[in-house]
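The block underneath contains the structure these notes are about, expressed in structure tokens.
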Amino acid sequence: KLKSLYMFDTAYDLKVSFGLDMDTIIMKATSGEIGFEIDNEIMTDLLNVAPNNINWDYNPPYRGMEIKEYRLTFIDAINEASNTILAATKRYEGTFIVTGKLGAIVIEGLGKEHFTRTSPGGVVGGPHLCGILEEKYKVYKNPNYPDDMILVGARGEMFIEAGYVYAPYLPVFATQLLVDENLKGKRGFCTIYAKKTVNANMYCTVTVIENKSTNPAI
């Protein structure tokens, strides 16, 4: 549930000065916020139900090692997570990635030969598709994820192959606009939905750890 509040005089000034309707703007912003919160809730659920985890060190094993070359081992960790899903389900490999800050830094630094960026088409305000890794994995950034966490997941082709079900039966409901004696506009919004983890084995996490690099053995 969310609610919006605004003053009538502010809405009037906005209309006169810029030709914009405050109520329309508030409705668009609030429904967008509901969408972002639902996306984050689902992505967090998947992170929490994944039964297996792969660790990957953000730092190279020894000082002096070429950073860019070492970061390619991140792809090995993603592939290991994908094959962990295949071993557990006997049917599916990973098809998408949801990443926090550190994973996004690594993925975006791999270069065009490994990562194809997708334009978000404007300002982003939450979880969003940012590109394709190795022509296989859709990569989603989630600014609400822990910095060190990455989710690798598989998506089936049919409903009966789902790992997780999100089922809204009231997508977005808005009350009538009310203006009180103080000329304050009020409107409430809500959504109602069901959700269920069907097959947790279709998800695997990758944790980015940060061990200190050591000098190479001589």
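The figures that follow rest on heavy atoms only: side chains count, while hydrogens, waters and symmetry mates do not. Note that the structure is predicted; figures quoted are calculated from it, not measured.
- More than 12 heavy atoms of other residues, nucleotides or ligands lie within 6.0 Å of CD in E210, so this atom counts as buried by the packing criterion.
- V139 and I150 fall within a single hydrophobic cluster, where Ile, Leu, Val, Met, Phe, Trp and Tyr are joined by side-chain heavy atoms under 4.5 Å apart, directly or via other members.
- Y58 pairs in a side-chain contact (heavy atoms from CB on, under 4.5 Å) with only one of the listed residues (I105, I209, N211, D148), which is I105.
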Begin from the C-alpha positions of E93 and Y137 and carry the test side-chain hydrogen bond (donor to acceptor under 3.5 Å, both in side chains) through to its verdict.
CA-CA 10 Å; E93 292 183 335; Y137 304 102; over 6 Å; no

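- Atom CZ of F8 is surrounded by 12 or fewer heavy atoms from other residues, nucleotides or ligands within 6.0 Å.
- Note that OG1 of T99 is 10.0 Å distant from CG of L151, once rounded to the nearest 0.5 Å.
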Starting from the C-alpha separation in whole Å, work towards a yes-or-no answer on salt bridge (Lys or Arg N to Asp or Glu O under 4.0 Å) for K15 and D21.
CA-CA 6 Å; K15 183 71 173 180; D21 180 68; 5.0 Å; no

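- The structure places OG of S82 at 11.0 Å from CZ of F96, a figure rounded to the nearest 0.5 Å.
- Residues T207 and N53 bring a donor and an acceptor atom of their side chains to less than 3.5 Å of each other.
- The structure places NZ of K186 at 6.0 Å from NZ of K184, a figure rounded to the nearest 0.5 Å.
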Show every donor-acceptor pair shorter than 3.5 Å between a side-chain atom in residues 163-171 and any protein atom, with sequence neighbours excluded, or say none if there are none.
residue : atom : partner : partner atom : Å
Y164    : OH   : D45     : OD2          : 2.7

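- For the side-chain contact (heavy atoms from CB on, under 4.5 Å) with E80, the qualifying choice from I75, I54, V152 is I54, the only one to do so.
- Using cut-offs of 30° and 60° for the angle between ring planes, the W56 and Y70 rings count as parallel.
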Chi angles and distances behind the salt bridge (Lys or Arg N to Asp or Glu O under 4.0 Å) call for E161, R91:
CA-CA 10 Å; E161 297 175 326; R91 290 176 62 87; 3.2 Å; yes

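- Salt bridge annotation for K141-E108: present, with a cationic side-chain nitrogen under 4.0 angstrom from a carboxylate oxygen.
- Taken to the nearest 0.5 Å, the CD1 atom of I26 stands 12.5 Å off from the NZ atom of K28.
- More than 12 heavy atoms of other residues, nucleotides or ligands shown are found within 6.0 angstrom of NZ on K195.
- Counting non-hydrogen atoms of neighbouring residues, nucleotides and ligands closer than 6.0 angstrom, the CD atom of E157 reaches no more than 12 such neighbours.
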